[in-house]
Amino acid sequence: MLPELLGEIMERVEASEDRWPQRQNVVTCACVCKKWREAMREIVRASSPGSGKITFPSCLKQPGPSDFPNHCIIKRCKKNSTFYLFLSLTPSFTDKGKFLLAARRYRHGAHIEYIISLDADDLSQSSNAYVGKLSSDFLGTNFTIYDSQPPHSGAKPSSSRTSRRFASKRISPQVPAGNFEVGKVSYKFNLLKSRGPRRMVCSVKCPLPEERADKHLDDSKAKIAEGAAPGLAILKNKAPRWHEHLQCWCLNFHGRVTVASVKNFQLAATVDPSQPGGKGDEEKVLLQFGKVGDDTFTMDYRSPLSPYLAFAICLTSFGTKLACE
């Protein structure tokens, strides 16, 4: 079989899966011969780099599309405090679509943690499917996003005890075992109890598209040497308008949100004064999250956010925010 035909077949097989495959077929094909191995390597390395398409698990840490958002659905299970992220394959809110990530909420003393995994049935830090976590403070107003993989070369893992997530073995000696901080989300206090939704600010280290990695390698190394985080983005929620007739705060979600909730939000990029030449477009929504049912929510994201970062940010909206609403 020609490598080109083999590559097309494998891409279709991967794209048709409703869950992440075990990659047995990919490994088997790669063992046939050198040409097939090169074909499999190209498929695994990137599926349409820069397009924002989600075909392989590695795409979950890559930026979404820049021209139009990817539409996703978040399903909540209150019974076991679990959240499931699906890529929407149809416009319907009832269809689950393709499973991407799962998260479970745990309480550690006065703090809350969300463990994020590739496996919907195995959500623990000791699992091989573990991809990161979200940690909150006592008030539930400040969150830190951690990635199981370093965001750039030279990144140092968190010094907390929970960062040592492997009990007895390492998945790969080349990959550092730990949690690497990739973002923070803060909800502003509302001490006067004035009317209005929550106000939030996000600071995240967005990944560069794979096709641009080599081009920006030297710039990234220079920023790291200066102590700056590559791809740093500052996001703030768009301010809603008060609707006199409906007597409520309103945002235009373009039909993607149908239920009024304090959890609903839209995030746009702002100018970061600490970054020279930083630009922001407050009208372009990079991430929107809203309620469409009792336990069903929509999540629409675009570049420079990855599915993983967008999911982690949306998880912060769940739960009570003391003195914020």
Side-chain angles (χ1 to χ4, degrees), residues 64 69-78 80-88 93 100-107 111-116 123 132-146 182-190 195-204 206 233-240 248-254 256-270 285-302 305-325:
N70 271 344
H71 293 170
C72 301
I73 295 291
I74 296 178
K75 294 285 187 178
R76 175 179 61 181
C77 180
K78 293 182 179 179
N80 55 9
S81 300
T82 307
F83 306 84
Y84 304 95
L85 177 67
F86 300 88
L87 178 66
S88 298
F93 297 142
L100 300 181
L101 291 167
R104 178 169 294 170
R105 180 168 54 201
Y106 296 91
R107 177 173 292 276
H111 302 275
I112 297 293
E113 282 190 354
Y114 294 81
I115 303 300
I116 305 176
L123 294 109
K133 71 173 184 177
L134 177 71
S135 180
S136 76
D137 62 357
F138 169 73
L139 297 178
T141 56
N142 294 295
F143 295 82
T144 303
I145 304 173
Y146 295 96
V182 293
K184 288 184 176 294
V185 181
S186 298
Y187 289 81
K188 295 185 178 180
F189 288 99
N190 188 9
R195 293 186 303 175
R198 298 165 175 171
R199 296 181 298 164
M200 56 190 299
V201 178
C202 305
S203 175
V204 293
C206 298
I234 307 297
L235 310 179
K236 291 185 179 181
N237 65 305
K238 293 188 66 175
C248 65
W249 295 95
C250 296
L251 277 171
N252 186 6
F253 288 94
H254 303 283
R256 291 286 295 166
V257 177
T258 59
V259 180
S261 174
V262 70
K263 297 180 177 65
N264 302 345
F265 66 79
Q266 289 181 332
L267 293 181
T270 61
V285 176
L286 302 181
L287 172 63
Q288 75 173 21
F289 170 80
K291 192 173 184 179
V292 294
D294 289 340
D295 294 302
T296 304
F297 304 81
T298 57
M299 184 193 87
D300 303 338
Y301 74 95
R302 65 173 70 197
L305 293 176
S306 65
Y308 172 73
L309 285 177
F311 185 44
I313 294 173
C314 291
L315 289 174
T316 67
S317 188
F318 294 99
T320 303
K321 306 288 185 291
L322 300 179
C324 286
E325 50 198 39

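Heavy-atom basis, side chains included; hydrogens, waters and symmetry copies ignored. Because the structure is predicted, anything quoted here is derived from the model rather than measured.
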Do F297 and F318 make the cut of ring centroids closer than 6.0 angstrom?
yes
Nearest-0.5 Å distance that lies between atom OG1 in T82 and atom CZ in R104:
4.0 Å
Within 6.0 Å of NZ in K75, more than 12 heavy atoms from elsewhere:
yes
Which value, rounded to the nearest 0.5 Å, describes the distance between L287 atom CG and C202 atom SG?
7.5 Å
Could you give me the CA-CA distance, side-chain angles and deciding distance for Y187 and L139, then say whether side-chain contact (heavy atoms from CB on, under 4.5 Å) is met?
CA-CA 10 Å; Y187 289 81; L139 297 178; over 6 Å; no
With heavy-atom distances below 4.5 Å as the criterion, would you say the side chains of I313 and F143 are in contact?
no
Which atom of V292 lies closest to which atom of R256, heavy atoms considered:
CG1-O, 3.4 Å
Is there a donor-acceptor contact under 3.5 Å from the side chain of R76 to the main chain of D294?
yes
Strictly distance-based, threshold 3.5 Å: is any side-chain N or O of S261 a donor or acceptor partner for the main-chain N or O of K291?
no
Test item: L235 and L305 side chains (from C-beta on) under 4.5 Å apart, heavy atoms:
yes
Taking every heavy atom of N252 against every heavy atom of Q288, the minimum-distance pair comes out as O-OE1, 4.5 Å
Pick out which of T141, N142, T316 makes a side-chain hydrogen bond (donor to acceptor under 3.5 Å, both in side chains) with S186.
N142
Hey, are the side chains of Y308 and I145 touching, using non-hydrogen atoms and a 4.5 Å cut-off?
yes
If I take atom CG from residue N237 and atom CG from residue N264, how far apart are they, to the nearest 0.5 angstrom?
11.5 Å
Which heavy atom of S317 sits nearest a heavy atom of K263, and at what distance?
OG-O, 2.9 Å
Can you sort out the partners of R105 under salt bridge (charged side-chain N to carboxylate O under 4.0 Å, His left out), two or more places apart, ordered by chain and number?
none
CG of D295 to CZ of F83: how many Å apart, nearest 0.5 Å?
9.0 Å
Could you pull out the closest heavy-atom pair between Y301 and G64, with the gap in Å?
CE1-CA, 3.6 Å
Distance (rounded to the nearest 0.5 Å) between I116 CD1 and L100 CG
12.5 Å
Measuring only between side-chain heavy atoms, which start at C-beta, is N70 closer than 4.5 Å to P307?
no
Does some side-chain heavy atom of H71 sit less than 4.5 Å from a side-chain heavy atom of T298?
no
Nearest heavy-atom neighbours spanning S136 and H111
O-ND1, 3.3 Å
Could you walk me through whether L286 and L267 pass side-chain contact (heavy atoms from CB on, under 4.5 Å), step by step?
CA-CA 6 Å; L286 302 181; L267 293 181; 5.6 Å; no
With rounding to the nearest 0.5 angstrom, report the CZ to CG distance, F289 to D300.
11.0 Å
Non-hydrogen atoms of F265 and F253 that approach each other most closely
O-CE2, 3.6 Å
